[in-house]
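For this chain, numbers begin at 1 and follow the sequence in order.
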Amino acid sequence: MAESARSRPCPRTMRVILTNFGSLGDVQPFVALAVELKRHGHQPVVAAAPSYGALARHHGLEFAPVGPDLRDAQSGITQAMMGNPAVAHSAGGMLQLFQPLAEAVPLMLEDLRAACRTADVLVSGRVQPAARMVHDLTHLPFVTVLVEHSGSGGGSPAFQAAVRGLVNPLRESLRLPPLDNPLVDGLSPQLVLTALSRHVRPPASDAPAHHHTVGYCLLDEPDFTPDAKLAAFLAEGDAPVCITFGSMTHADSAALTDTLVAAAERSGRRVLIQHGWSGLGQRALPPTAHALDQVPHAWLFSRVSCVVHHGGAGTTGAAFRAGVPQVVVPHTYDQFTWGEVVQERGCGGPAIPIGELSVERLAAALRAVHERTDLRATAARLGEQLREEHGTTKARHHIEDLVRRVGLASDPVSGDEGDEDAEDEGRRQRRRSALKQQRARKVDT
């Protein structure tokens with residue numbers, strides 16, 4: 001009997017570049033996958049914005065900075081879309097919001113391509129605009145990992161037009177064909193992994209053969225030790241509610257903190273409030289409330305009674321996996337979709353959009369999720385199913401299988417060194433030209 005592909009060893013140790021753009025929830029799955037790859041003898045490199053270097057090094061991973069830190073730009077885009085949701089339907093408005101990203105893409109490409117010079121395979125999220133360009137330029141084996149709810153494809157027509165304006169000028173300067181819908185057309189033609197649970201989002205029946213749903217790639221930190229104050233708070237009473245809004249920012253974080261504390265008090269619940277990008281909980285709190293900085297969600301959520309969150313894909317997945325009920329407070333992007341999914345899966349009630357959040361509505365939602373035994377039981381069952389999926393292991397197997405099929409990229413940018421330098425200088429000139437075009441581009445609103 002022929003040996004199965006899954007049982008054959010990988011040809012040799014792979015050097016794997018793992019990259020994505022965005023907030024912590026966008027990058028953490030790639031850190032989790034990198035930990036899995038390293039555990040099995042491969043050489044992973046996390047390639048992301050410089051601010052994620054500490055996270056990678058904390059897990060003993062090699063790190064390559066890609067592009068500038070764009071946290072302020074990301075927060076500005078989110079705030080603008082929250083303040084004026086109609087901007088998402090204006091290509092000109094979206095492209096103006098994306099201008100800081102457009103200016104950063106040439107540097108992101110340059111950094112990512114440099115990181116890939118000795119790589120065997122590139123693994124990327126779909127919102128990393130440079131990844132498909134690196135693959136098209138070098139033919140490096142390429143894997144896309146979807147970590148968000150991508151059922152809406154590439155977004156609204158206006159959003160797609162703005163992303164074309166972000167990506168295609170640089171592609172054209174590199175003599176690469178433009179992409180009509182970059183967030184879809186830019187996926188890997190070789191292997192696409194959906195890092196969501198089939199129990200949460202069943203795979204599409206018409207998905208291409210190279211698309212696979214593997215389960216969540218979540219970062220487990222079983223050895224995490226909380227600080228003394230957090231440990232004491234958890235030990236001195238019933239399991240608290242946890243409120244976390246991640247990378248969302250708010251115009252008045254103090255007023256929002258007051259609302260969250262008051263809602264918890266009215267529902268009779270103790271509460272943990274994560275600071276997040278908005279700096280929530282930065283004031284004196286009553287004994288029934290405790291504010292905390294970044295704590296691993298896999299560790300934290302298993303110790304709380306309910307998670308109130310913004311509906312980010314990673315946070316939603318971590319709460320599903322912990323097996324606890326959820327209250328979703330969507331702010332923007334696909335967070336409204338995740339609020340619907342939580343309710344459809346029987347793990348929470350109706351979402352409360354951030355613009356409609358009040359002490360009364362949040363307190364009522366907290367009472368409901370604690371009083372309804374059906375929600376708690378359904379969430380617990382789903383959590384058990386998710387904890388059996390082992391998404392990072394399945395993802396690693398698929399990546400190894402791809403390398404078996406296409407071979408290792410021994411020199412993705414091979415050729416005479418002088419010719420290569422000349423080629424790179426030509427590409428740098430074209431990138432500079434593309435950047436000038438992007439800065440000068442005016443799209444009618």
Side-chain angles (χ1 to χ4, degrees), residues 17 19-22 26 47 66-67 70 77 88-113 116 121-194 204 206-211 333-334 412 426-428 430-444:
I17 307 300
T19 184
N20 203 12
F21 172 78
D26 299 302
V66 172
L70 293 168
I77 292 170
H89 302 288
S90 165
M94 290 301 302
L95 192 55
Q96 287 180 349
L97 291 179
F98 285 171
Q99 191 60 35
L101 310 185
E103 294 177 2
V105 171
L107 177 59
M108 294 167 73
L109 173 62
E110 187 170 339
D111 288 345
L112 184 59
R113 192 155 180 239
C116 288
V121 59
L122 172 61
V123 179
S124 175
R126 74 168 181 167
V127 294
Q128 168 54 271
R132 180 59 190 259
M133 284 185 255
V134 170
H135 170 69
D136 290 343
L137 289 167
T138 67
H139 307 293
L140 184 68
F142 178 38
V143 181
T144 299
V145 179
L146 303 176
V147 298
E148 71 286 318
H149 194 291
S150 53
S152 60
S156 68
F159 189 87
Q160 292 181 34
V163 177
R164 284 196 296 271
L166 176 72
V167 171
N168 283 338
L170 182 55
R171 288 185 60 87
E172 292 167 1
S173 76
L174 297 166
R175 299 175 187 169
L176 296 174
L179 300 176
D180 182 60
N181 186 350
L183 292 181
V184 174
D185 301 336
L187 302 182
S188 170
Q190 297 174 313
L191 178 61
V192 176
L193 304 176
T194 298
D206 59 348
H210 67 292
H211 285 231
Y333 303 123
D334 62 348
R427 284 180 174 142
R428 278 193 290 271
R430 290 195 292 273
R431 282 196 293 272
R432 286 193 289 268
S433 175
L435 180 56
K436 290 180 181 178
Q437 292 176 32
Q438 287 171 326
R439 284 173 170 165
R441 185 175 294 259
K442 299 293 184 182
V443 180
D444 294 335

[atom1]/[X] to [atom2]/[Y] distance, rounded to the nearest 0.5 angstrom?
X	Y	atom1	atom2	result
R164	L95	CZ	CG	11.0 Å
I77	Q99	CD1	CD	10.5 Å
T138	L122	OG1	CG	7.5 Å
F159	L183	CZ	CG	6.0 Å
N168	D180	CG	CG	8.5 Å

For residues [X] and [Y], report the shortest heavy-atom separation together with the two atoms involved.
X	Y	value
A104	L70	CB-CD1, 3.8 Å
H210	Q190	CB-O, 3.4 Å
G186	L179	CA-CD1, 3.9 Å
A91	A161	CB-CB, 3.8 Å
A47	L112	CB-CD1, 4.1 Å
L187	F142	C-CE2, 4.2 Å

- side chain to side chain contact (heavy atoms under 4.5 Å, CB included) evaluation trace for V167 with R132: CA-CA 10 Å; V167 171; R132 180 59 190 259; over 6 Å; no
- Identify, with sequence neighbours excluded, every residue that meets salt bridge (Lys or Arg N to Asp or Glu O under 4.0 Å) alongside D111.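 Testing D111 for salt bridge (Lys or Arg N to Asp or Glu O under 4.0 Å), a comparison that skips the adjacent residues, returns none.
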- Message: Go through it in stages, so that I can follow the logic: the residues are T194 and H211, the test is side chain to side chain contact (heavy atoms under 4.5 Å, CB included), and I'd like the CA-CA distance, side-chain angles, deciding distance and then a yes or no.
- Response: CA-CA 7 Å; T194 298; H211 285 231; 5.5 Å; no
- Sorted by first residue and then second, give each ring pair (Phe, Tyr, Trp, His ring centres under 6.0 Å) pair with at least one member in residues 171-193; sequence neighbours left out.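 Ring pair (Phe, Tyr, Trp, His ring centres under 6.0 Å) check on residues 171-193 returns no pairs.
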- Message: So does S188 get a backbone contact from the side chain of T144, meaning a donor-acceptor N/O pair under 3.5 Å?
- Response: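 Judged by distance alone, yes, a pair lies under 3.5 Å.
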- Message: Show, in sequence, the C-alpha distance, side-chain angles and deciding distance for M133 and R171, and conclude whether the side chain to side chain contact (heavy atoms under 4.5 Å, CB included) test is met.
- Response: CA-CA 7 Å; M133 284 185 255; R171 288 185 60 87; 3.7 Å; yes
- Carefully, step by step, assess I17 and V134 under the rule side chain to side chain contact (heavy atoms under 4.5 Å, CB included). CA-CA 11 Å; I17 307 300; V134 170; over 6 Å; no
- Run through P141, P189, S124 and flag the one making a side chain to side chain contact (heavy atoms under 4.5 Å, CB included) with H135.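 For H135, the side chain to side chain contact (heavy atoms under 4.5 Å, CB included) check succeeds only for P189.
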- Matching residue for V192 among L146, V143, V145 - test: side chain to side chain contact (heavy atoms under 4.5 Å, CB included):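 Going through the options one by one, the only one that passes is L146.
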- Item | Side-chain heavy atoms of D26 within contact of F21, under 4.5 Å |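 Not in contact.
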- Task: State, with a plain yes or no, whether a side-chain heavy atom of E148 is found less than 4.5 Å away from one of Y333.
- Result: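 In short, these two side chains do not touch, never coming nearer than 4.5 Å.
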